[in-house]
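One structure is given here, and the rest of the page talks about it.
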Number of protein chains: 2
Amino acid sequence: MARAATTSDVFNAIAEPQRRQILVLLRSGERPVNELADELGMTQPGASKHLRVLREVGLVRDRKEGKQRVYGLDARKLRPVHEWAGGFERFWNASFDRLDAYVQSLKHAGRKESR
Amino acid sequence: MARAATTSDVFNAIAEPQRRQILVLLRSGERPVNELADELGMTQPGASKHLRVLREVGLVRDRKEGKQRVYGLDARKLRPVHEWAGGFERFWNASFDRLDAYVQSLKHAGRKESR
DNA sequence: TTGACACATTCCCATATAGGAATATGATGT
DNA sequence: ACATCATATTCCTATATGGGAATGTGTCAA
């Protein structure tokens, strides 16, 4: 089965480094495809393909402007990502020894023994 | 080229839903492979494979305990993900109309014209 | 040593890409 | 209608999975 489609899961869509670059670049403003491709050093078809994926998952919007197609950021779908990762915040804030202690406390507090 | 190895990029490693589930589950405590597989309804080899990926990117650690191998969370690598997504916070906080305005202001403020 | 248990690994397969090359589509100016 | 510019799409290929089945490896107990 390989993996869920990149076009249906934001986590998967942003797994591609170049697509993350595109999103970052778009923070500083909308851009037509070619400009975007130039700035990121990718081919035009390459940019178009990535943009299509980003559009289908809803991370960018596009708008026609003359013969150009201007792409803009729609970061709302990134919020779940931020929150998901944020759910682990207390784990990276604690030092590792403390982390172990914390984990142990949870373990003994409310679960069946495992050793 | 298909994509960068899942074992070298955290974003790619967490692109797999089941691996995210594993990480979430491990927040409540360390677990041996079988227990983890049971709780998530996956086969043992399946769990082992995902755990291997997570271990190679550094998201989990393992420790031998008798004949079991206990896996624990190491969420530090998730911090960059949280921060990356957080870099878009102002974009999802603003309403869309405001967003456009903001984007336009940036555009006119410091870049070469494009229309 | 033998057997049982807990995992890890290997094989094999179907599928989903990413990328390059070539081509199709669309809008604009003449 | 025609040439041109800006994009999108299609074709093809090499590769990276994820999953199932079978098997290998390591540890502990008797």
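Letters A, B, ... mirror the listed sequences (proteins, then strands); counts begin at 1.
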OP1 or OP2 of D:dT17 sitting under 4.0 Å from any side-chain N/O of B:His50? no
Just jot down the side chain to side chain donor-acceptor pair (under 3.5 Å) partners of A:Glu83, sequence neighbours excluded, or say none. A:Arg79
In whole angstroms, the gap separating P of C:dA16 from CD of B:Glu16 amounts to 13 Å
Distance in angstrom units between A:Ile22 CD1 and D:dT7 P, rounded: 13 Å
Using a 4.0 Å heavy-atom cut-off to protein, can you give one letter per nucleotide of nucleotides 3-10 of chain C, 5' to 3': B if the base is in contact, S if only the sugar-phosphate is, - if neither? --BSBBBB
With DNA chain C as reference, determine whether A:Lys64 or A:Thr43 sits nearer its 5' end, using the nearest nucleotide of each. A:Thr43
For B:Asn34, enumerate each residue passing the side chain to side chain donor-acceptor pair (under 3.5 Å) test, keeping only those at least two apart in sequence or located in another chain. none
Spacing between A:Asp38 atom CG and D:dA6 atom P, to the nearest angstrom: 10 Å
B:Leu40 CG to D:dG18 P: how many Å, rounded? 16 Å
Rounded distance (Å) that lies between atom C1' of D:dA16 and atom CG of B:Asn12: 9 Å
With sequence neighbours excluded, what pairs up with B:Tyr71 under the ring-ring contact (aromatic ring centres under 6.0 Å, His included) test? none
Tell me which donor-acceptor pairs under 3.5 Å the side chains of residues 40-50 of chain A have, and how far apart each pair is, sequence neighbours excluded?
from    : atom 1 : to      : atom 2 : distance (Å)
A:Thr43 : OG1    : A:Gly46 : N      : 3.0
A:Gln44 : NE2    : A:Ser48 : OG     : 3.1
A:His50 : ND1    : A:Arg19 : NH1    : 3.2

Atom-pair distance (CZ on B:Phe11; C1' on C:dA18), nearest Å: 19 Å
B:Asp38 meets the side chain to side chain donor-acceptor pair (under 3.5 Å) criterion, sequence neighbours left out, with none
Interatomic distance where CE belongs to A:Met42 and C1' belongs to D:dA6 [whole Å]: 17 Å
Parallel under 30°, tilted from 30 to 60°, perpendicular over 60°: which one fits the rings of A:His82 and B:His82? parallel
Between P of C:dA18 and CD of A:Gln21, the distance in whole Å: 14 Å
